[in-house]
Amino acid sequence: MIKFTVICLRQAAKKQGKKEGTNEQINKLKRYVIFLIGLFVNSLGVSLITKASLVTSPITSIPYVLSLSFPFTLGNFTIFFSVFLILLQLLILRKNFKLEHVLQIPISIIFGYFIDLTMLLFTWVNPQTYIMKIVYLLIGCLILGFGVYMEVLADVVMLPGESFVRAIVLTWRTNFGTTKICFDVSMAVIAAVLSFVFTGHLNGVREGTIIAALLVGFVARVLGKKLASV
């Protein structure tokens with residue numbers, strides 16, 4: 001009788017373990033789906049901000065400036081720049097560089113193609129008045145903020161920009177918020193310098209870059225607090 005009971009308990013434990021394993025796989029799949037949707041929403045926001053003609057967000061300002069001077073798309077240069085940031089992470093983290101950092105490569109490629117796709121989807125967006133440019137910029141910031149929130153919610157992998165900032169924070173023990181601001185500002189400054197080098201005038205950094213830098217993170221934080229309380 002005792003032996004029979006032990007066998008039954010073992011079988012029940014195995015079934016419970018399989019059930020928990022299946023639930024964990026389903027949960028992981030859901031997180032990846034949420035992340036991919038968030039990635040697409042992100043690309044929608046980036047493209048709409050760019051189409052507002054007040055220039056793009058800080059992280060895409062360098063790819064945008066380069067796309068104006070070379071025969072590659074904004075999405076292509078976003079991929080190139082993302083790979084460059086991943087290589088910098090490798091130099092900074094060294095032995096702490098893990099598999100999750102390598103996953104940024106396929107994610108960056110997908111994101112780059114998403115940007116090119118959404119830029120095509122928004123070909124009809126061509127605001128002429130300054131007010132309408134501001135309207136499209138603000139809508140783009142809201143969309144991008146929601147996309148960032150979805151990526152954080154999924155908790156799968158960071159995009160190279162945020163992951164690069166995290167690498168600096170982990171290596172030199174700096175504050176993430178302060179480091180992120182410094183990173184965004186440096187991206188805008190480098191984009192401005194590259195613009196003068198390649199075109200002879202400022203093209204790629206305007207008020208839209210500053211508004212996006214300030215507003216997107218704010219939107220993501222507000223959404224996180226609001227939806228967390230629901």
Reported CG-to-CD1 distance for the pair Leu144 and Ile139, which is rounded to 0.5 angstrom: 13.5 Å

Nearest atoms (heavy-atom pairs only) where Leu54 meets Leu137: CD1-CD2, 3.9 Å

Exam field: side chain Thr199 to backbone Phe196, donor-acceptor pair closer than 3.5 Å: no

Test log, rule side-chain contact (heavy atoms from CB on, under 4.5 Å), inputs Val83 and Ser108: CA-CA 8 Å; Val83 173; Ser108 299; 5.6 Å; no

Qualifying residues under ring-ring contact (aromatic ring centres under 6.0 Å, His included), relative to Phe77, sequence neighbours excluded: Phe72, Phe80

Distance, nearest 0.5 Å, that separates CD1 of Ile26 from NZ of Lys30: 7.0 Å

Non-hydrogen side-chain atoms of Tyr113 and Phe111 separated by less than 4.5 Å: no

From CG (Leu68) to OG (Ser195), nearest 0.5 Å: 7.5 Å

Gap between atom CD1 of Ile105 and atom CD1 of Ile79 - 0.5 Å precision: 11.5 Å

Check against side-chain contact (heavy atoms from CB on, under 4.5 Å), Leu170 and Asn96: CA-CA 10 Å; Leu170 292 175; Asn96 293 321; over 6 Å; no

Hphob cluster co-occupancy, Leu88 + Trp172, side-chain heavy atoms under 4.5 angstrom: yes

Single-linkage hydrophobic cluster Val197~Phe70, side-chain heavy atoms < 4.5 angstrom: yes

Considering all heavy atoms, the nearest Ala192-Leu202 contact: CB-CD1, 3.7 Å

Side-chain (Ser186) to main-chain (Phe183) donor-acceptor, under 3.5 angstrom: yes

Residue pairs fulfilling ring-ring contact (aromatic ring centres under 6.0 Å, His included) with at least one residue in residues 47-67, sequence neighbours excluded: none

Thr50-Ser47 side chain donor-acceptor pair, cut-off 3.5 Å: no

Over all atoms of both residues, closest heavy-atom pair of Ile107 and Leu39: O-CD2, 3.8 Å

Asp184 side-chain N/O to Pro58 backbone N/O, donor-acceptor pair under 3.5 Å: no

Check: Asn175 and Val169 side chains under 4.5 Å, non-hydrogen atoms: no

Single-linkage hydrophobic cluster Ile59~Met158, side-chain heavy atoms < 4.5 angstrom: no

From CA spacing to verdict: side-chain contact (heavy atoms from CB on, under 4.5 Å), Asn42, Leu159: CA-CA 11 Å; Asn42 247 354; Leu159 284 170; 3.8 Å; yes

Any donor-acceptor N/O pair, Ser53 side chain to Lys133 backbone, under 3.5 Å: no

Sidechain-backbone polar pair: Ser43 side chain, Phe40 backbone, donor-acceptor under 3.5 Å: yes

Residue pair Lys51 / Pro127: nearest heavy atoms and the distance that separates them: O-CD, 3.5 Å

Heavy-atom closest pair, residues Ala154 and Ile34: CB-CG2, 4.0 Å

Whether Thr171 side chain and Ile168 backbone form a donor-acceptor pair below 3.5 Å: no

Arg206: salt bridge (Lys or Arg N to Asp or Glu O under 4.0 Å) partners, not counting sequence neighbours: none

hydrophobic_cluster_shared for Tyr130 and Ile49, side chain cutoff 4.5 Å: yes

Rounded distance (nearest 0.5 Å) linking atom CE of Met187 with atom CZ of Phe164: 6.5 Å

Thr174 and Thr179: side chain donor to acceptor below 3.5 Å: yes

Heavy-atom donor-acceptor pair, Gln128 side chain to Asn126 backbone, under 3.5 Å: yes

Closest non-hydrogen atom pair, Ile86 against His101: CG2-O, 4.2 Å

Test item: Thr118 side-chain N/O and Phe114 main-chain N/O as donor-acceptor pair under 3.5 Å: yes

Candidate pair Phe97 and Gln89, rule side-chain contact (heavy atoms from CB on, under 4.5 Å), full reasoning: CA-CA 7 Å; Phe97 191 85; Gln89 291 174 55; 4.1 Å; yes

ILVMFWY network linking Leu91 to Ile190, side-chain heavy atoms under 4.5 angstrom: yes

Main-chain N/O of Thr73 paired to Asn76 side chain as donor or acceptor, under 3.5 Å: yes

Check: Gln104/Ser82 side-chain N/O donor and acceptor closer than 3.5 Å: no

Inter-residue atom distance Phe81.CZ - Phe84.CZ, 0.5 Å rounding: 7.0 Å

